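Here the structure comes first, spelled out in structure tokens, and everything after it is commentary.
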Protein chains: 2
Amino acid sequence: MLTKQELEEFWAEAGKIYLNHISIDCVVFGFHGGQMKVLMLKSNNEEAWYLPGGFVLKKEPIENAADRILKERTGIDEIFLQQFYVFGDPDRSKIHNEMYKDMLPEDQNFFAKRFISIGYYALVDFFNVIPTPDNFSEVCTWRDLNDLPRFQLDHELIFKTALDTLRLQLNYQPIGYNLMPKEFTMPELQKLYETILDKKLDRRNFQRRMLGFGILNKLETTRKGGAHKAPYLYSFDLENYQAALKEGLKSGW
Amino acid sequence: MLTKQELEEFWAEAGKIYLNHISIDCVVFGFHGGQMKVLMLKSNNEEAWYLPGGFVLKKEPIENAADRILKERTGIDEIFLQQFYVFGDPDRSKIHNEMYKDMLPEDQNFFAKRFISIGYYALVDFFNVIPTPDNFSEVCTWRDLNDLPRFQLDHELIFKTALDTLRLQLNYQPIGYNLMPKEFTMPELQKLYETILDKKLDRRNFQRRMLGFGILNKLETTRKGGAHKAPYLYSFDLENYQAALKEGLKSGW
DNA sequence: TTACAATTGTGTACCAATTACACCATGCAT
DNA sequence: ATGCATGGTGTAATTGGTACACAATTGTAA
């Protein structure tokens with residue numbers, strides 16, 4: 001987090017280097033220990049948490065802005081990003097606007113302006129992420145979807161909209177590919193689908209159907225360790241996966 | 001279309017009343033004579049056509065801005081609108097930016113700025129629309145999807161993205177309801193689906209399935225006139241339609 | 001070493017939905 | 001009145017999804 005003085009310098013400069021009125025907010029999903037996680041940030045001064053976000057440089061494509069922001073928060077370079085909605089209520093950032101209102105004259109005051117926020121969701125391999133706080137926070141960490149904190153501003157709406165979109169797009173986007181590690185077992189993949197969809201699936205039918213798509217490579221090795229039969233490991237056949245998604249995986253879950 | 005002087009006044013004022021950098025573009029779909037249509041505009045000075053669009057007032061929710069813009073172009077009040085994508089390439093409005101570049105100093109020059117455009121698609125009953133040109137055009141009219149003109153800027157991309165979205169959302173949005181007139185025959189409705197999906201559907205299965213959804217009211221009257229058996233007229237049962245869409249119409253087309 | 005518990009891998013019978021096609025009804029044209 | 005094109009309804013065949021049964025494998029405990 002920046003010091004008070006650094007923050008003031010940042011405010012003064014922001015309007016010159018970033019597009020006014022426009023922000024980006026990202027919902028970063030990860031999967032670990034059979035649970036879906038979202039990356040969130042918090043300042044020590046405030047109780048509510050917020051989503052990783054930022055602004056668009058004057059000549060920067062918005063996709064690049066989202067990439068850049070997430071590279072800073074996660075350390076990951078080529079992240080899977082999907083634009084999903086724009087949040088444009090004039091009062092959505094009212095609380096922040098009030099906070100910054102008297103700092104500078106209105107026309108120079110970047111943060112006192114109304115912001116229209118472009119929502120992206122991101123899917124990442126949990127283990128590749130190095131959560132890194134931003135200029136306004138000391139804490140950046142994964143939060144479990146079953147144990148979410150209080151959100152700042154309209155970030156709960158943004159998060160919920162992202163999750164709804166994720167569910168709808170499960171059959172059209174390479175969601176498994178981006179959320180799972182390189183190698184995984186069938187029960188692990190099933191848990192991911194169950195978590196996203198929030199319902200139980202039949203173990204045997206899931207397996208048969210997944211394999212039927214022809215998008216998985218069965219590896220030689222098995223995952224030993226549990227006190228049970230060792231499951232086979234799989235990896236995604238990226239080429240077939242991409243091809244299959246073009247058609248949509250036949251009639252969803 | 002405004003005169004040259006009026007246009008200059010508009011430019012000078014625009015930056016004060018509208019949010020900078022942000023525009024809205026709408027893809028308005030209609031259905032007539034068994035063909036899908038898009039509402040488009042053209043200036044006599046230019047060859048390429050463009051989509052109805054506009055800007056967001058400083059304190060206006062973006063949905064209201066889209067409503068307002070389309071009310072002006074179509075005369076319709078409560079239009080079915082769906083936000084579908086944001087177009088944020090820094091060069092997307094390059095040609096326009098160049099045109100207006102030298103008119104005013106850069107910081108006051110609303111039109112010389114980069115625009116991020118929020119895309120909405122709209123579904124309207126063809127017969128309710130009164131196409132009305134805007135400040136920059138003399139022509140506002142329906143164009144057939146099979147006979148599209150050259151587009152300005154990135155409007156072809158916007159249109160294509162809208163059409164793709166429409167196809168994907170066919171089972172989740174009240175698309176038939178908004179595009180068909182109050183009363184219609186089953187073959188007419190089928191033609192709509194065939195046009196959107198760009199493929200033939202079986203007449204008999206279409207009918208059985210549509211009726212199976214329980215979202216249509218069969219009316220007493222039939223449509224006479226053709227040299228054949230007179231088809232029954234139907235209307236949508238809006239209440240059941242809304243309910244059915246919440247679930248998604250079972251496993252798409 | 002052997003039996004057991006837990007979990008994974010594979011197969012099959014059943015049910016629901018979609019598809020393909022046959023047949024009848026209706027209204028205008030000749 | 002007859003024919004033809006189109007609309008309306010029914011039914012068999014196929015496909016796909018669901019619900020289980022059963023065998024195989026691994027570590028653990030007797």
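Note that this is a predicted model, so its numbers are computed, not measured. So that the names make sense, note that chain A is the first sequence line, chain B the second, and so on, each numbered from 1.
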Inset, instruction - Could you grab the distance from atom NE2 of H155(A) to atom CZ of F87(A), nearest 0.5 Å is fine? - result: 9.5 Å
Legend entry - Parallel, tilted or perpendicular: ring planes of F127(A) versus H32(A), cut at 30 and 60 degrees: perpendicular
Inset, instruction - Name all pairs fulfilling the side chain to side chain donor-acceptor pair (under 3.5 Å) condition that reach into residues 76-87 of chain B, sequence neighbours left out, sorted by first residue then second. - result: K71(B)-D77(B)
Legend entry - Closest listed nucleotide, where the reference is the side chain of P231(B) and the choices are dG8(D), dG9(C), dT18(D): dG8(D)
Inset, instruction - First locate atom NZ of K37(B), then atom CZ of F31(B), and finally report the distance between them rounded to the nearest 0.5 Å. - result: 10.0 Å
Legend entry - Nearest-neighbour nucleotide for the D202(B) side chain, dT18(C), dA19(D), dC21(C) considered: dC21(C)
Inset, instruction - Grab the CG-C1' distance between N205(B) and dT15(D) for me, whole Å please. - result: 14 Å
Legend entry - Residue-phosphate contact under 4.0 Å: K218(B) side-chain N/O, dT9(D) OP1/OP2: yes
Inset, instruction - Starting at atom OH of Y193(A), determine the distance to atom P of dG17(D), rounded to an integer number of angstrom. - result: 14 Å
Inset, instruction - Using atom CD of E188(B) as one end and atom P of dT6(D) as the other, report the distance to the nearest whole Å. - result: 14 Å
Inset, instruction - Check the distance between dT8(C)'s C1' and K191(A)'s NZ and give it to me in whole angstrom. - result: 17 Å
Legend entry - Nearest-angstrom distance from the residue atom OH of Y232(B) to P of dG27(C): 9 Å
Inset, instruction - Look at the side chain of R204(B) against the base of dA22(C) and say whether a donor-acceptor pair falls under 3.5 Å; ignore hydrogens and angles. - result: yes
Inset, instruction - Please say which of Y234(B), F213(B), F236(B) ends up in a ring pair (Phe, Tyr, Trp, His ring centres under 6.0 Å) with Y241(B). - result: F236(B)
Inset, instruction - Round to the nearest Å and state the distance from L216(A) atom CG to dG9(C) atom P. - result: 12 Å
Legend entry - Gap between atoms OH and P, on Y234(A) and dT8(C) respectively (whole Å): 11 Å
Inset, instruction - Measure from CG on L219(B) to P on dG8(D) and round the result to the nearest Å. - result: 12 Å
Inset, instruction - Over all heavy atoms of both residues, which pair between T161(A) and L157(A) is shortest? Give the atoms and the distance, please. - result: OG1-O, 2.7 Å
Legend entry - Neighbour count >12 (heavy atoms, 6.0 Å) for atom OH, Y177(B): no
Inset, instruction - Look at the side chain of R208(A) and decide which nucleotide, out of dT12(C), dG8(D), dG10(D), has an atom nearest to it. - result: dT12(C)
What does the list of N/O pairs under 3.5 Å between the protein and nucleotides 23-30 of chain D look like, with a distance for each?
{"unit_1": "dT25(D)", "atom_1": "O2", "unit_2": "K229(A)", "atom_2": "N", "d": "3.2"}
{"unit_1": "dT26(D)", "atom_1": "O4'", "unit_2": "H228(A)", "atom_2": "O", "d": "3.1"}
{"unit_1": "dT26(D)", "atom_1": "O2", "unit_2": "A227(A)", "atom_2": "O", "d": "3.3"}

